[in-house]
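Let me begin by presenting the structure, written as structure tokens, before commenting on it.
Just so it is clear: chains get the letters A, B, ... in the order the sequence lines come, proteins before strands, and each one is counted from 1.
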Number of protein chains: 2
Amino acid sequence: METRALTARTSTESTRDIPEATVARLPVYLRALTTLCEAGTITCSSEELASAAGVNSAKLRKDLSYLGSYGTRGVGYDVDYLRYQIAREIGVTQDWPVVIVGIGNLGHALANYSGFRSRGFRVVALLDADPNRHEEVVAGVDVRPFDDLEQIVKEHGVAIGVIATPALAAQDVANRMVASGISSILNFAPAVLSVPEGVDVRKVDLSIELQILAYHEQRKTHGATA
Amino acid sequence: METRALTARTSTESTRDIPEATVARLPVYLRALTTLCEAGTITCSSEELASAAGVNSAKLRKDLSYLGSYGTRGVGYDVDYLRYQIAREIGVTQDWPVVIVGIGNLGHALANYSGFRSRGFRVVALLDADPNRHEEVVAGVDVRPFDDLEQIVKEHGVAIGVIATPALAAQDVANRMVASGISSILNFAPAVLSVPEGVDVRKVDLSIELQILAYHEQRKTHGATA
DNA sequence: AGGAGTTTGTGAACGGGAGAACAAACCGAG
DNA sequence: CTCGGTTTGTTCTCCCGTTCACAAACTCCT
Ligand SMILES: NC(=O)c1ccc[n+]([C@@H]2O[C@H](COP(=O)([O-])OP(=O)(O)OC[C@H]3O[C@@H](n4cnc5c(N)ncnc54)[C@H](O)[C@@H]3O)[C@@H](O)[C@H]2O)c1
Ligand SMILES: NC(=O)c1ccc[n+]([C@@H]2O[C@H](COP(=O)([O-])OP(=O)(O)OC[C@H]3O[C@@H](n4cnc5c(N)ncnc54)[C@H](O)[C@@H]3O)[C@@H](O)[C@H]2O)c1
């Protein structure tokens, strides 16, 4: 958290301290660039890219400026070059082994999702506590006992774990994950996880998203009388 | 967007202008309160509730203050009373009919998810463009042709739609939803949707979540040399 | 070569949210 | 009734993120 010295930065390192809000948008830009690239576009302006990504062009330029000066004034950005730079910055050029715990309704969908593989995430194991699931093979990966977690994490050097178990089991699963060496968790269970310092947790909660929509919806119709 | 007059507010109306960040946390508090309630807790302090919700207690109190003064100084909050107040504020006491479009891997999981029903969201229809899916029945609801959208929306007064189709179809589906009268969309497809003013869109993008984790993970290990 | 037109990168103003800190309000004991 | 202990509601300050606006830098045309 302490501010890093700004002087004497080695030029080989990329720029440090990218704001969290920017980090969250970089994958969006990456996707937009990939789409443009597939359409055969060679260069694009910040205006075009911003509109493809659904953001303000000033915000886009400021975001990109944290990575470095990869554009050309009067011209724009080289699509392929910028795409690579962003991918490198967020680490998508690497291969990230991932484990999914809880192969129920949601776990099945996640295991079958092709969008992970194409972005450098490789599902190396599917784990479930229910022995009845252990005969199953989902998307070419067989479901294994939850107790194999530690061994698999060590073997493949897994850093990222996905939790798709019921809420009651989530904290236990998280504890085991952390104990095994996992330091980033994506949690789909509607539970507040407590993890030690240094472990990142992101949660995806569909009910909350719907409730936020409901709140605004309620005010659209009900508040119309004001 | 214009500032509303603060004078002469009728006392029957609940407080207006709840900050967006607060709205996003209210469902979390609601869940924590429900858990406490089921555990038989009658009252709780802001400190307890905050810890159950995973937030700062000062933030919690400030959030709740936007709804009104529902606590008692020196005592805390009545769990059941506060729960009802929050539920009413975000509209969860109502019944919200919802349609899901795109009954593939993810659509199946969503249709089977029990967490929606228990929070006032009722899946009234499952729609898919693929005729092969139309014989299927998922979670007691039969899959119907996408072209039935307009009729179903009108019939049930649907305001909220969920998109779980491939990215290429998402914009088309959104257009049809809006044309049918839907004004809130939850989008799972990795696509930027453009919708007219007055329509709310929230997106859930699993790849982005993983990429954000990967970015921080990369810096944990790689930046350790600094 | 020079100028007109275009687009990037960034300084600065602005708005909203987070957290600390404290006064006001409530309970219960004596 | 009064007083000490407790907890809320709110004010104030700081920080992060957004947006505007413009100088710097580049291309292309004449
Ligand atoms: N299905 C959805 O669309 C959806 C949507 C939003 C949130 N969620 C949440 O995602 C989670 C999973 O949902 P689901 O519908 O797949 O539930 P599910 O019951 O179908 O699957 C849960 C799986 O987790 C396994 N499991 C239970 N305890 C375990 C443990 N301790 N270790 C390992 N595995 C364990 C079970 O055997 C089961 O296979 C839930 O928390 C749910 O609230 C699901
Ligand atoms: N499966 C996952 O876990 C997962 C995770 C993250 C994101 N997503 C995204 O969610 C979406 C759905 O994923 P999926 O794995 O369920 O895909 P899927 O291919 O299994 O299902 C897509 C369904 O949409 C239907 N469909 C296609 N075009 C349609 C149209 N115009 N109108 C109505 N229905 C149409 C198809 O018939 C199919 O049944 C994709 O955009 C995917 O990127 C999925």
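- Proximity of B:Tyr70 to the phosphate of D:dT7: no side-chain N or O atom is located under 4.0 Å from OP1 or OP2.
- In this model, a donor atom of one side chain and an acceptor atom of the other lie less than 3.5 Å apart for B:Thr22 and B:Asp63.
- For C:dG17, its base never sits under 3.5 Å from the side chain of B:Lys62 at any donor and acceptor pair.
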Inset, instruction - Indicate for each nucleotide in nucleotides 24-30 of chain C, in 5' to 3' sequence, whether protein heavy atoms under 4.0 Å reach the base (B), only the sugar-phosphate (S), or nothing (-). - result: BBBS---
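- Rounded to a whole Å, the CG atom of B:Leu82 is 11 Å from the P atom of D:dT8.
- In this structure, the nucleotide among C:dG17, D:dT10, D:dT19 sitting nearest to the side chain of A:Asn56 is D:dT19.
- For the residue pair B:Arg88/B:Tyr84, the side-chain donor-acceptor check at 3.5 Å is not satisfied.
- Rounded to whole Å, the distance from CD on B:Glu47 to P on D:dG9 is 14 Å.
- Rounding to the nearest 0.5 angstrom, the gap separating the OG1 atom in B:Thr165 from the CG atom in B:Asn187 is 7.5 Å.
- Proximity of B:Leu210 to A:Arg119: side-chain heavy atoms (C-beta onward) are nowhere separated by under 4.5 Å.
- B:Ile18 CD1 to B:Glu89 CD: the interatomic distance, rounded to the nearest 0.5 Å, is 4.0 Å.
- For the atom pair A:Ile90 CD1 and B:Ile208 CD1, the distance stands at 9.0 Å (nearest 0.5 Å).
- With rounding to whole Å, A:Glu48 atom CD is found 14 Å from C:dT6 atom P.
- Phosphate contact (OP1/OP2 of C:dA18, side-chain N/O of B:Arg25, threshold under 4.0 Å): present.
- The distance from atom CG of A:Asp17 to atom P of D:dC15 is 15 Å, rounded to the nearest whole Å.
- Between B:Ser46 and D:dT7 there is no side-chain N or O to OP1 or OP2 distance below 4.0 Å.
- Side-chain atoms of A:Ser65 lie closest to C:dG9 of the nucleotides C:dG9, C:dA21, D:dT18.
- Comparing atom distances between the A:Ala58 side chain and each of D:dT8, D:dC20, C:dA21 picks out D:dC20 as nearest.
- Look at CG on A:Leu64: it is 13 Å from C1' on C:dT10, rounded to the nearest Å.
- Atom P of nucleotide D:dG9 and atom CD of B:Gln85 are separated by 12 Å, given to the nearest angstrom.
- Rounded to an integer number of Å, the gap from NZ of B:Lys59 to P of D:dC15 is 16 Å.
- Between A:Asp63 atom CG and D:dT19 atom C1' there is a gap of 12 Å when expressed in whole angstrom units.
- The nearest pair of heavy atoms linking B:Pro27 to A:Gln211 is CB-OE1, 3.3 Å.
- For D:dG9, one of the phosphate oxygens OP1 or OP2 lies less than 4.0 angstrom from a side-chain nitrogen or oxygen of B:Tyr77.
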